[in-house]
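FYI, side chains are in, hydrogens and waters are out, and symmetry mates aren't considered; it's all heavy atoms of this structure.
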Amino acid sequence: MSTKRVVGTYGYMPPEGFDHPDHNLNLIGHVWKSYNESNLMEVVDSVILQSSNQHEVYRAIQIGLLCVQEYPEDRPTMSSTFQMLTSYNELPTPKQPGFFSGRRNHRETEASSKSSTLNTISVSIFAPR
């Protein structure tokens, strides 16, 4: 996995800037897929795994998935998120995130843009009443 370019806050990877060689999912989709396949090692840098408690790292990912639920009522409040991060209580099981999506790959986008184009023009005329 890799990023295409650096934009915005240092250390932050926007979901749309994520690129994986095996699929066209965005970052949240990739994490959700890895979570469901019990393969979270795929989404965590090995340096972090070597220097951190693996259980705590996976717990933080699960809390992150809870925070991107589709419906606001399914997302934890800030106070419950803080409690989840600072305790070892059992966490709710996340549902599929609302921002989970696939994207067309670069080759598909290029092919579709070469096959057809759409030219439109909009003209506005302002007139007093």
Side-chain angles (χ1 to χ4, degrees):
M1 73 183 128
S2 65
T3 56
K4 294 180 182 171
R5 59 190 171 130
V6 176
V7 177
T9 305
Y10 180 75
Y12 168 76
M13 181 189 302
E16 64 277 4
F18 174 79
D19 187 35
H20 194 279
D22 297 335
H23 58 69
N24 293 322
L25 297 172
N26 66 14
L27 178 60
I28 296 171
H30 177 66
V31 172
W32 175 247
K33 178 181 182 294
S34 298
Y35 173 81
N36 280 316
E37 295 172 352
S38 298
N39 188 22
L40 287 176
M41 289 185 77
E42 160 115 4
V43 300
V44 181
D45 189 279
S46 60
V47 173
I48 293 173
L49 285 176
Q50 292 170 3
S51 63
S52 304
N53 178 318
Q54 182 176 333
H55 176 74
E56 289 178 1
V57 172
Y58 291 173
R59 183 175 175 86
I61 292 170
Q62 186 173 353
I63 293 167
L65 286 170
L66 289 168
C67 292
V68 293
Q69 297 295 284
E70 182 170 8
Y71 301 106
E73 60 271 12
D74 292 335
R75 298 178 207 145
T77 62
M78 286 302 293
S79 60
S80 61
T81 301
F82 178 78
Q83 185 178 17
M84 286 187 260
L85 288 167
T86 58
S87 71
Y88 292 99
N89 296 336
E90 187 174 341
L91 298 174
T93 302
K95 300 173 188 170
Q96 179 173 310
F99 307 104
F100 172 94
S101 66
R103 298 176 279 115
R104 293 193 304 175
N105 67 30
H106 183 66
R107 284 182 225 108
E108 288 174 350
T109 304
E110 282 181 354
S112 67
S113 68
K114 289 179 183 176
S115 64
S116 66
T117 60
L118 177 64
N119 294 320
T120 61
I121 188 167
S122 175
V123 178
S124 299
I125 300 173
F126 296 97
R129 292 185 186 189

Give a yes or no on whether the backbone of Glu70 and the side-chain of Arg75 come within a donor-acceptor separation of less than 3.5 Å. yes
Main chain of Tyr35, side chain of Glu42: is a donor-acceptor contact present, judged purely on distance under 3.5 Å? no
Verify side chain to side chain contact (heavy atoms under 4.5 Å, CB included) between Tyr58 and Met41, making sure each step is shown before the conclusion. CA-CA 9 Å; Tyr58 291 173; Met41 289 185 77; 2.7 Å; yes
Indicate, with yes or no, if Trp32 and Leu27 share a hydrophobic cluster defined by side-chain heavy-atom contacts under 4.5 Å among Ile, Leu, Val, Met, Phe, Trp and Tyr. yes
Say whether Val31 and Leu49 are linked into one hydrophobic cluster, either directly or through other cluster members, by side-chain heavy-atom distances under 4.5 angstrom. yes
Intermediate values then yes/no, side chain to side chain contact (heavy atoms under 4.5 Å, CB included), His20 and Leu25: CA-CA 8 Å; His20 194 279; Leu25 297 172; over 6 Å; no
Val44 and Ile61 have their tightest heavy-atom pair at CG2-CD1, 3.5 Å
For Pro92 and Gln62, work out which heavy atoms get closest and say how close. O-NE2, 3.0 Å
Nearest heavy-atom contact between Tyr88 and Glu56 is OH-OE2, 2.9 Å
Of all the heavy-atom pairs spanning Val47 and Asp45, show the shortest one and how long it is. N-OD1, 2.8 Å
Roughly how far apart are Asp74 CG and Cys67 SG, rounded to 0.5 Å? 12.0 Å
What's the separation between atom CG in Leu40 and atom CZ in Arg59, rounded to the nearest 0.5 Å? 14.0 Å
Specify the closest pair of heavy atoms between Met84 and Pro76, including all atoms of both residues, with the distance to one decimal. CE-CB, 3.2 Å
Just how far is it from atom CG of Leu85 to atom CD1 of Ile63, taken to the nearest 0.5 Å? 4.0 Å
Nearest-0.5 Å distance that lies between atom CD in Gln96 and atom CG in Leu65: 11.0 Å
